[in-house]
Number of protein chains: 2
Amino acid sequence: MGLAKTEIFSDQQNEIAIFAKAFGHPARVAILQHLFKINTCVCGDLVNEIGLAQPTISQHLKELKLLGLIKGSVEGTSVCYCINTEKWLEMKEILNQFLNQDISKQGDCC
Amino acid sequence: MGLAKTEIFSDQQNEIAIFAKAFGHPARVAILQHLFKINTCVCGDLVNEIGLAQPTISQHLKELKLLGLIKGSVEGTSVCYCINTEKWLEMKEILNQFLNQDISKQGDCC
DNA sequence: TTTGTATATCGCAATATTACGATGAATATT
DNA sequence: AATATTCATCGTAATATTGCGATATACAAA
(Lines give C-alpha, C1' and ligand atoms only; values in the text may rest on other atoms or scores of the structure.)
Protein backbone atom coordinates (compact mmCIF):
# COMPACT_ATOMS: atom_id res chain seq x y z
CA MET A 1 0.00 0.00 0.00
CA GLY A 2 2.93 2.29 0.53
CA LEU A 3 0.76 4.64 2.53
CA ALA A 4 1.94 5.38 6.04
CA LYS A 5 -0.87 4.85 8.54
CA THR A 6 -0.38 8.18 10.25
CA GLU A 7 -3.79 8.03 11.89
CA ILE A 8 -2.79 5.33 14.35
CA PHE A 9 0.10 7.37 15.73
CA SER A 10 0.16 10.36 18.04
CA ASP A 11 0.61 13.89 16.72
CA GLN A 12 3.97 13.99 18.41
CA GLN A 13 5.12 10.80 16.73
CA ASN A 14 4.01 12.02 13.34
CA GLU A 15 5.67 15.38 13.90
CA ILE A 16 8.99 13.76 14.78
CA ALA A 17 8.76 11.61 11.66
CA ILE A 18 7.91 14.54 9.40
CA PHE A 19 10.79 16.66 10.64
CA ALA A 20 13.18 13.73 10.44
CA LYS A 21 12.15 13.06 6.87
CA ALA A 22 12.98 16.68 6.04
CA PHE A 23 16.66 15.94 6.37
CA GLY A 24 16.36 12.28 5.52
CA HIS A 25 17.94 13.10 2.18
CA PRO A 26 21.55 14.21 1.75
CA ALA A 27 20.61 16.94 -0.72
CA ARG A 28 18.42 18.63 1.87
CA VAL A 29 21.11 18.19 4.50
CA ALA A 30 23.56 19.87 2.11
CA ILE A 31 21.15 22.71 1.37
CA LEU A 32 20.54 23.40 5.05
CA GLN A 33 24.23 23.18 5.90
CA HIS A 34 25.02 25.63 3.12
CA LEU A 35 22.41 28.09 4.34
CA PHE A 36 23.91 27.88 7.81
CA LYS A 37 27.43 28.34 6.51
CA ILE A 38 26.59 31.39 4.43
CA ASN A 39 24.86 33.03 7.39
CA THR A 40 22.60 34.99 5.12
CA CYS A 41 20.29 34.59 2.17
CA VAL A 42 21.45 32.38 -0.60
CA CYS A 43 20.45 33.82 -3.92
CA GLY A 44 21.12 31.49 -6.74
CA ASP A 45 24.28 29.52 -6.30
CA LEU A 46 22.67 26.45 -4.79
CA VAL A 47 22.61 24.48 -8.03
CA ASN A 48 26.37 24.84 -8.49
CA GLU A 49 26.95 24.27 -4.81
CA ILE A 50 24.99 21.03 -4.52
CA GLY A 51 25.49 19.41 -7.89
CA LEU A 52 21.98 18.36 -8.83
CA ALA A 53 19.90 19.70 -11.71
CA GLN A 54 18.02 22.94 -11.16
CA PRO A 55 14.53 21.40 -11.09
CA THR A 56 15.68 18.89 -8.51
CA ILE A 57 17.10 21.55 -6.22
CA SER A 58 13.96 23.60 -6.68
CA GLN A 59 11.88 20.64 -5.58
CA HIS A 60 13.93 20.05 -2.44
CA LEU A 61 13.71 23.76 -1.61
CA LYS A 62 9.95 23.59 -2.03
CA GLU A 63 9.69 20.77 0.49
CA LEU A 64 11.85 22.58 3.03
CA LYS A 65 9.83 25.75 2.52
CA LEU A 66 6.53 23.91 2.83
CA LEU A 67 7.66 22.53 6.16
CA GLY A 68 8.69 26.02 7.17
CA LEU A 69 12.34 25.28 7.79
CA ILE A 70 13.44 27.85 5.23
CA LYS A 71 12.04 31.13 4.03
CA GLY A 72 12.27 32.49 0.52
CA SER A 73 11.73 35.87 -1.00
CA VAL A 74 11.90 37.16 -4.53
CA GLU A 75 14.86 39.45 -5.09
CA GLY A 76 14.63 40.74 -8.63
CA THR A 77 15.26 37.87 -10.99
CA SER A 78 16.55 35.50 -8.34
CA VAL A 79 14.97 34.05 -5.24
CA CYS A 80 16.71 34.19 -1.90
CA TYR A 81 16.49 31.53 0.74
CA CYS A 82 17.48 31.46 4.36
CA ILE A 83 16.91 29.43 7.49
CA ASN A 84 13.67 30.13 9.32
CA THR A 85 15.22 30.34 12.76
CA GLU A 86 11.95 30.08 14.69
CA LYS A 87 10.89 26.91 12.94
CA TRP A 88 14.38 25.50 13.18
CA LEU A 89 14.37 25.97 16.94
CA GLU A 90 10.92 24.41 17.16
CA MET A 91 12.14 21.39 15.24
CA LYS A 92 15.29 21.17 17.33
CA GLU A 93 13.18 21.15 20.48
CA ILE A 94 10.96 18.34 19.23
CA LEU A 95 13.80 16.19 17.92
CA ASN A 96 16.02 16.75 20.94
CA GLN A 97 13.24 15.62 23.20
CA PHE A 98 13.23 12.40 21.26
CA LEU A 99 17.00 12.01 20.94
CA ASN A 100 17.74 12.92 24.55
CA GLN A 101 15.52 10.33 26.17
CA ASP A 102 17.12 8.96 29.31
CA ILE A 103 19.26 6.12 28.07
CA SER A 104 20.90 5.36 31.42
CA LYS A 105 18.01 3.18 32.52
CA GLN A 106 18.34 0.85 29.54
CA GLY A 107 19.36 -2.59 30.71
CA ASP A 108 21.79 -4.29 28.38
CA CYS A 109 19.72 -7.41 28.19
CA CYS A 110 19.97 -8.49 24.55
CA MET B 1 14.99 7.99 -11.35
CA GLY B 2 14.12 7.69 -7.68
CA LEU B 3 17.70 6.91 -6.83
CA ALA B 4 19.35 9.29 -4.40
CA LYS B 5 22.73 10.43 -5.75
CA THR B 6 24.60 9.65 -2.58
CA GLU B 7 27.96 9.74 -4.33
CA ILE B 8 27.94 13.49 -4.75
CA PHE B 9 27.50 14.13 -1.03
CA SER B 10 29.93 13.82 1.84
CA ASP B 11 29.98 10.81 4.14
CA GLN B 12 28.78 13.03 6.94
CA GLN B 13 25.82 14.29 4.91
CA ASN B 14 24.83 10.78 3.92
CA GLU B 15 25.17 9.57 7.49
CA ILE B 16 22.91 12.31 8.80
CA ALA B 17 20.33 11.46 6.14
CA ILE B 18 20.47 7.73 6.88
CA PHE B 19 19.97 8.21 10.61
CA ALA B 20 17.23 10.75 10.05
CA LYS B 21 15.41 8.34 7.77
CA ALA B 22 15.52 5.75 10.53
CA PHE B 23 12.94 7.68 12.48
CA GLY B 24 11.36 9.32 9.47
CA HIS B 25 8.40 7.01 9.96
CA PRO B 26 6.01 7.22 12.90
CA ALA B 27 5.99 3.44 13.39
CA ARG B 28 9.73 3.42 13.99
CA VAL B 29 9.42 6.43 16.28
CA ALA B 30 6.76 4.54 18.23
CA ILE B 31 8.88 1.40 18.43
CA LEU B 32 11.90 3.28 19.71
CA GLN B 33 9.82 5.25 22.20
CA HIS B 34 8.30 2.05 23.50
CA LEU B 35 11.70 0.43 23.93
CA PHE B 36 12.83 3.48 25.89
CA LYS B 37 9.73 3.47 28.04
CA ILE B 38 9.95 -0.19 28.96
CA ASN B 39 13.59 0.21 29.95
CA THR B 40 14.35 -3.37 29.11
CA CYS B 41 13.92 -5.91 26.37
CA VAL B 42 10.60 -6.03 24.66
CA CYS B 43 9.63 -9.57 23.94
CA GLY B 44 6.60 -9.84 21.77
CA ASP B 45 4.02 -7.21 22.58
CA LEU B 46 5.11 -4.74 19.92
CA VAL B 47 2.41 -5.73 17.46
CA ASN B 48 -0.36 -5.02 19.95
CA GLU B 49 1.42 -1.92 21.16
CA ILE B 50 1.89 -0.30 17.75
CA GLY B 51 -1.16 -1.43 15.83
CA LEU B 52 0.30 -2.59 12.55
CA ALA B 53 0.35 -6.12 11.19
CA GLN B 54 3.05 -8.46 12.42
CA PRO B 55 5.03 -8.61 9.15
CA THR B 56 5.04 -4.82 8.99
CA ILE B 57 6.43 -4.46 12.49
CA SER B 58 8.96 -7.15 11.74
CA GLN B 59 10.11 -5.20 8.72
CA HIS B 60 10.54 -1.96 10.67
CA LEU B 61 12.45 -3.83 13.36
CA LYS B 62 14.70 -5.28 10.70
CA GLU B 63 15.57 -1.82 9.42
CA LEU B 64 16.33 -0.52 12.89
CA LYS B 65 18.44 -3.57 13.63
CA LEU B 66 20.30 -3.29 10.33
CA LEU B 67 21.21 0.28 11.22
CA GLY B 68 22.30 -0.93 14.62
CA LEU B 69 19.94 1.22 16.67
CA ILE B 70 18.41 -1.83 18.31
CA LYS B 71 19.65 -5.25 19.29
CA GLY B 72 17.65 -8.46 19.23
CA SER B 73 18.15 -11.88 20.70
CA VAL B 74 16.15 -15.06 20.57
CA GLU B 75 14.49 -15.91 23.86
CA GLY B 76 12.80 -19.24 23.46
CA THR B 77 9.92 -18.83 21.07
CA SER B 78 9.92 -15.06 21.15
CA VAL B 79 12.56 -12.51 20.14
CA CYS B 80 13.57 -9.70 22.46
CA TYR B 81 14.58 -6.27 21.32
CA CYS B 82 16.22 -3.39 23.10
CA ILE B 83 17.97 -0.11 22.37
CA ASN B 84 21.62 -0.39 21.38
CA THR B 85 22.83 2.39 23.63
CA GLU B 86 26.23 2.78 22.00
CA LYS B 87 24.79 3.24 18.54
CA TRP B 88 22.07 5.50 19.87
CA LEU B 89 24.67 7.79 21.43
CA GLU B 90 26.65 7.77 18.21
CA MET B 91 23.56 8.80 16.28
CA LYS B 92 22.69 11.45 18.82
CA GLU B 93 26.15 12.93 18.49
CA ILE B 94 25.93 13.11 14.72
CA LEU B 95 22.42 14.53 14.61
CA ASN B 96 23.03 17.00 17.43
CA GLN B 97 26.01 18.38 15.59
CA PHE B 98 23.67 19.09 12.71
CA LEU B 99 20.76 20.37 14.78
CA ASN B 100 22.85 22.54 17.05
CA GLN B 101 24.54 24.58 14.37
CA ASP B 102 25.01 28.15 15.50
CA ILE B 103 21.78 29.82 14.51
CA SER B 104 22.54 33.16 16.15
CA LYS B 105 24.48 34.38 13.14
CA GLN B 106 21.56 33.91 10.77
CA GLY B 107 20.44 37.25 9.44
CA ASP B 108 16.69 37.55 9.11
CA CYS B 109 16.94 38.71 5.55
CA CYS B 110 14.08 36.96 3.76
C1' DT C 1 10.13 45.08 -27.33
C1' DT C 2 13.35 41.50 -27.62
C1' DT C 3 16.73 38.88 -25.30
C1' DG C 4 18.86 36.85 -21.44
C1' DT C 5 18.80 34.98 -16.78
C1' DA C 6 16.85 32.71 -12.85
C1' DT C 7 13.46 29.97 -10.74
C1' DA C 8 9.14 27.19 -10.74
C1' DT C 9 6.19 23.75 -12.57
C1' DC C 10 4.83 19.83 -15.56
C1' DG C 11 5.33 15.30 -16.98
C1' DC C 12 7.53 11.26 -16.93
C1' DA C 13 10.58 7.24 -15.66
C1' DA C 14 12.87 4.72 -12.21
C1' DT C 15 13.60 3.34 -7.67
C1' DA C 16 12.12 3.25 -2.70
C1' DT C 17 8.94 2.63 0.91
C1' DT C 18 4.97 0.91 3.23
C1' DA C 19 1.70 -2.61 4.26
C1' DC C 20 0.04 -7.15 4.65
C1' DG C 21 -1.57 -12.08 3.39
C1' DA C 22 0.55 -16.38 2.91
C1' DT C 23 4.00 -19.17 4.21
C1' DG C 24 8.19 -20.91 6.51
C1' DA C 25 11.28 -21.80 10.49
C1' DA C 26 12.06 -22.43 15.27
C1' DT C 27 10.79 -23.51 19.73
C1' DA C 28 7.51 -24.67 23.49
C1' DT C 29 3.64 -27.35 25.05
C1' DT C 30 0.75 -31.28 25.19
C1' DA D 1 5.00 -36.84 17.51
C1' DA D 2 1.41 -33.45 16.91
C1' DT D 3 0.05 -28.89 17.87
C1' DA D 4 0.43 -24.15 19.07
C1' DT D 5 2.93 -19.88 19.29
C1' DT D 6 6.06 -16.46 17.74
C1' DC D 7 8.69 -14.18 14.56
C1' DA D 8 10.94 -13.85 9.80
C1' DT D 9 10.64 -13.95 4.96
C1' DC D 10 8.40 -14.02 0.39
C1' DG D 11 5.57 -12.05 -2.85
C1' DT D 12 2.79 -8.51 -4.26
C1' DA D 13 0.12 -4.16 -4.53
C1' DA D 14 -0.08 0.60 -3.76
C1' DT D 15 1.85 4.90 -2.85
C1' DA D 16 6.01 7.97 -2.25
C1' DT D 17 10.29 9.81 -3.54
C1' DT D 18 13.93 11.18 -6.54
C1' DG D 19 15.71 13.12 -10.66
C1' DC D 20 15.57 15.62 -14.78
C1' DG D 21 14.22 17.33 -19.61
C1' DA D 22 11.00 20.43 -21.39
C1' DT D 23 8.53 24.29 -20.63
C1' DA D 24 6.46 28.25 -18.27
C1' DT D 25 7.00 32.43 -15.67
C1' DA D 26 9.02 36.63 -14.03
C1' DC D 27 12.02 40.12 -14.13
C1' DA D 28 16.23 42.72 -15.92
C1' DA D 29 18.88 44.59 -19.46
C1' DA D 30 19.69 45.93 -24.03
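Letters A, B, ... are given to chains in the order of the sequence lines, protein chains preceding strands, and every chain is numbered from 1.
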Quiz item: Got a sec: does the CG of B/Asp102 have more than 12 other heavy atoms crowding it under 6.0 Å?
Solution: yes

Quiz item: For the side chain of A/Asn14 and the backbone of A/Thr6, is there at least one donor-acceptor N/O pair under 3.5 Å apart?
Solution: yes

Self-check item: Spacing of CD belonging to A/Glu63 relative to CD1 belonging to A/Ile70, to within rounding of 0.5 Å
Solution: 10.0 Å

Quiz prompt | First of A/Pro55 and B/Gly51 reached from the 5' end of DNA chain C, by closest nucleotide | solution = A/Pro55

Self-check item: Heavy-atom side-chain contact between B/Phe98 and B/Gln12 under 4.5 Å
Solution: no

Quiz item: Quick one: is C/dA8 close enough that its OP1 or OP2 comes under 4.0 Å of any side-chain N or O from A/Tyr81?
Solution: yes

Self-check item: Rounded distance (Å) that lies between atom P of D/dC7 and atom CG of B/Leu64
Solution: 16 Å

Quiz item: Is any side-chain nitrogen or oxygen of B/Lys21 closer than 4.0 Å to OP1 or OP2 of C/dT17?
Solution: yes

Quiz prompt | Nucleotide C/dT17, atom P - distance to CD1 of A/Ile18 in whole Å | solution = 18 Å

Practice problem: Check the distance between D/dT25's C1' and A/Lys62's NZ and give it to me in whole angstrom. | Solution: 14 Å

Quiz item: How would you label the contact of B/Ser58 with the nucleic acid (heavy atoms, under 4.0 Å): base, sugar-phosphate, or nothing?
Solution: base

Quiz item: Hey, do the aromatic rings of B/Phe36 and B/Trp88 have their centres closer than 6.0 Å?
Solution: yes

Quiz item: Separation of A/Gln54 atom CD from D/dA24 atom C1', in whole Å?
Solution: 12 Å

Exercise. From the options D/dG19, C/dT7, C/dC20, select the nucleotide whose nearest atom is closest to the side chain of B/Ala53.
Key: C/dC20

Quiz item: How do A/His25 and B/Gln59 order along DNA chain D: which one's closest nucleotide is nearer the 5' end?
Solution: B/Gln59

Practice problem: Would you kindly give the CG-to-C1' distance between B/Leu46 and C/dA19, to the nearest whole Å? | Solution: 17 Å

Quiz item: How long is the line joining CG of B/Leu61 and P of C/dT18, in whole Å?
Solution: 13 Å

Self-check item: Side-chain N or O of B/Lys5 closer than 4.0 Å to phosphate OP1/OP2 of D/dC20
Solution: yes

Practice problem: Please work out if B/Ile57 contacts a base, only the sugar-phosphate, or nothing of the nucleic acid, heavy-atom cut-off 4.0 Å. | Solution: nothing

Quiz prompt | Separation of C/dA19 P from B/Arg28 CZ (nearest whole Å) | solution = 9 Å

Exercise. Please figure out whether A/Thr77 or A/Glu63 has its closest DNA chain D nucleotide nearer the 5' end.
Key: A/Glu63

Quiz item: Within this structure, what is the CG-to-P distance between B/Leu52 and D/dC7, rounded to whole angstrom?
Solution: 15 Å

Exercise. Indicate, with a heavy-atom threshold strictly under 4.0 Å, whether A/Thr56 touches base, sugar-phosphate, or nothing.
Key: base

Quiz prompt | Distance below 4.0 Å between B/His60 side-chain N/O and C/dA19 OP1 or OP2 | solution = yes

